[in-house]
Amino acid sequence: MPVPAVVRVLVLGGTTEARRLAESLAGDRSVRVTTSLAGRVAAPRLPPGEVRVGGFGGPEGLAAWMREHDVDALVDATHPFAAAMSRNAAEAAALAHVPLLALRRPGWVARDGDHWHSTGSLAEAAGLLPALGERVFLTTGRMGLAAFAGADLDALWFLVRSVDAPEPPCPARMEFLLDRGPFTLEGERELLRRHRIDVLVTKDSGGDATAPKLTAAREAGIPVVVVRRPPVPEGVPVAATPDEAVEWVRRF
C-alpha cells in the first residue's frame, strides 16, 4: 500500500496567527510543519511541530533552506510590520519555485468617537506628538525608539511598553513597562488613568490582544497616532485567518 505524500510547510512565525496555524496543522499526518522564529524575543511562546530559531541569510539563504528541506509551501505569518522579512519571503519563494501565502490579521478600523491620526512612519508619528499631548503611551515595541529620542521631544514624557527591554537611543524622559498581551480593557483604563496619559501611539498591528488600549483611549477622549502597516508584496495572496491558511495548505 503506497505511503501518503507528506506536504512540508515552512511557517515564518512569531505571531499568534502563526502559532494557531501550527497548532491546526500539527495533528495532520499528511502535513509536516516547521515554524521559523527570528529570535528577537528572549522567551518566545513555542508552537507545536518543528521549530527553528534565527535568520536565513537573506532571500538566497531562505531559498536554499527550502530546497534542502524539500519545502512544498511557504506561509509568511510574520508581524504585519516585518516588511523586510516579507520581501525576503516573496523573493525566496520565487527563487525556489515554492508557493507563498501571507497570513495577515485584518487591521484596526476607527469607530465613532475615535480621534485617530494616521501616519506612514514612526518618524512622522513622532513629529505629530508636540501638538497632541505631553504624556505619551508608546506601544510600538522596543525597535524604532530612536524616532522618539530627538531633542525636540525632550519636553514629553513617555511610557514605553514592550515584551523585552529597549536598547538606546531612547526618549530622554521615559518609564519602561515590560509586559505581554493580551491586555484587558480594565487594565488599559487603569494604566491611562494612573500615568495621566494624554496621547497614545501605536502601530496598526490589528487583532484582539492589544486592541483594548484603543477602546480605553476612545472612552477617555485621548488622541491616537496610528502608524499604517506596510503593504504585502505585490502578487502574494493573503489569508486573514489561520483557518483560511489551513485551507490553502490542504490544497497541495
Side-chain angles (χ1 to χ4, degrees), residues 4-107 141 143 163 180-182 205-210 229-252:
V6 174
V7 176
R8 292 174 172 81
V9 180
L10 174 62
V11 177
L12 305 178
T15 61
T16 300
E17 289 75 22
R19 190 169 63 254
R20 289 175 179 169
L21 174 59
E23 290 170 351
S24 297
L25 295 175
D28 189 337
R29 293 186 177 181
S30 66
V31 177
R32 180 178 174 182
V33 59
T34 299
T35 300
S36 176
L37 302 176
R40 292 178 178 174
V41 176
R45 296 175 181 173
L46 298 181
E50 298 178 12
V51 177
R52 68 171 303 280
V53 179
F56 291 94
E60 293 82 5
L62 174 54
W65 194 95
M66 290 193 291
R67 294 191 195 100
E68 180 182 350
H69 293 83
D70 298 319
V71 171
D72 298 299
L74 174 64
V75 179
D76 172 17
T78 56
H79 192 276
F81 282 82
M85 188 65 237
S86 293
R87 288 193 298 269
N88 287 349
E91 187 174 340
L95 289 171
H97 304 289
V98 171
L100 168 64
L101 177 74
L103 175 54
R104 291 288 185 276
R105 70 188 79 141
M143 309 295 289
V163 175
R180 184 200 299 264
S205 301
D208 297 329
T210 60
R229 59 174 63 179
V232 171
E234 186 176 355
V236 176
V238 179
T241 66
D243 287 345
E244 291 180 15
V246 168
E247 291 179 8
W248 181 82
V249 168
R250 286 178 176 162
R251 294 174 192 159
F252 295 94

For Arg20, is the CZ atom crowded, meaning more than 12 foreign heavy atoms sit under 6.0 Å from it? no

Nearest heavy-atom neighbours spanning Ala73 and Phe252: CB-CE1, 3.9 Å

Is the backbone N or O of His79 less than 3.5 Å from a side-chain atom of Arg229, with the two atoms forming a donor-acceptor pair by type? no

Check whether Arg52 reaches the backbone of Gly55 with its side chain - one donor and one acceptor, N or O, closer than 3.5 Å. yes

Check Phe81 against Pro230 and note the closest heavy-atom contact, atom names and distance. CD2-CD, 3.6 Å

Nearest 0.5 Å, what's the CD-CG distance between Glu244 and Leu103? 8.5 Å

Tell me if a side-chain donor or acceptor on Arg105 pairs with a main-chain N or O of Ser205 at a distance below 3.5 Å. yes

Given Leu10, which of Val33, Asp72, Leu100, Leu62 fulfils the side-chain contact (heavy atoms from CB on, under 4.5 Å) condition? Leu62

Residues passing the salt bridge (charged side-chain N to carboxylate O under 4.0 Å, His left out) test with Arg67, sequence neighbours excluded, are none

What do the steps show when you test Val236 against Asp76 for side chain to side chain contact (heavy atoms under 4.5 Å, CB included), and what is the final call? CA-CA 10 Å; Val236 176; Asp76 172 17; over 6 Å; no

Can you name the closest pair of heavy atoms from Thr35 and Ala22 and give their distance? OG1-CB, 3.8 Å

CD of Glu247 to OG1 of Thr241: how many Å apart, nearest 0.5 Å? 7.5 Å

Under a 4.5 Å cut-off applied to non-hydrogen side-chain atoms, are Arg104 and Ser86 in contact? yes

Which atom names give the shortest non-hydrogen contact between Val11 and Ala18, and what distance separates them? CG1-CB, 4.0 Å

Can you find a heavy atom in the side chain of Asn88 that is under 4.5 Å from one in the side chain of Phe56? no

Are side-chain heavy atoms of Arg250 and Val7 found at a separation under 4.5 Å? no

What I'd like to find out is whether the side chain of Thr78 reaches to under 4.5 Å of the side chain of Glu17, using heavy atoms alone. no

Ring pair (Phe, Tyr, Trp, His ring centres under 6.0 Å) pairs, two or more places apart, involving residues 5-32: none

Report yes if some heavy atom in the side chain of His69 is under 4.5 Å from a heavy atom in the side chain of Thr34; otherwise report no. no

Scanning both residues in full, the closest heavy-atom pair of Leu74 with Met66 reads CD2-SD, 3.9 Å

Are the side chains of Trp65 and Ser36 in touch, meaning some heavy atoms are under 4.5 Å apart? no

Taking salt bridge (charged side-chain N to carboxylate O under 4.0 Å, His left out) as the test, write out the residues that go with Arg8, two or more places apart. none

For the residue pair Leu101 and Pro237, what are the closest heavy atoms and their distance? CD1-O, 3.5 Å

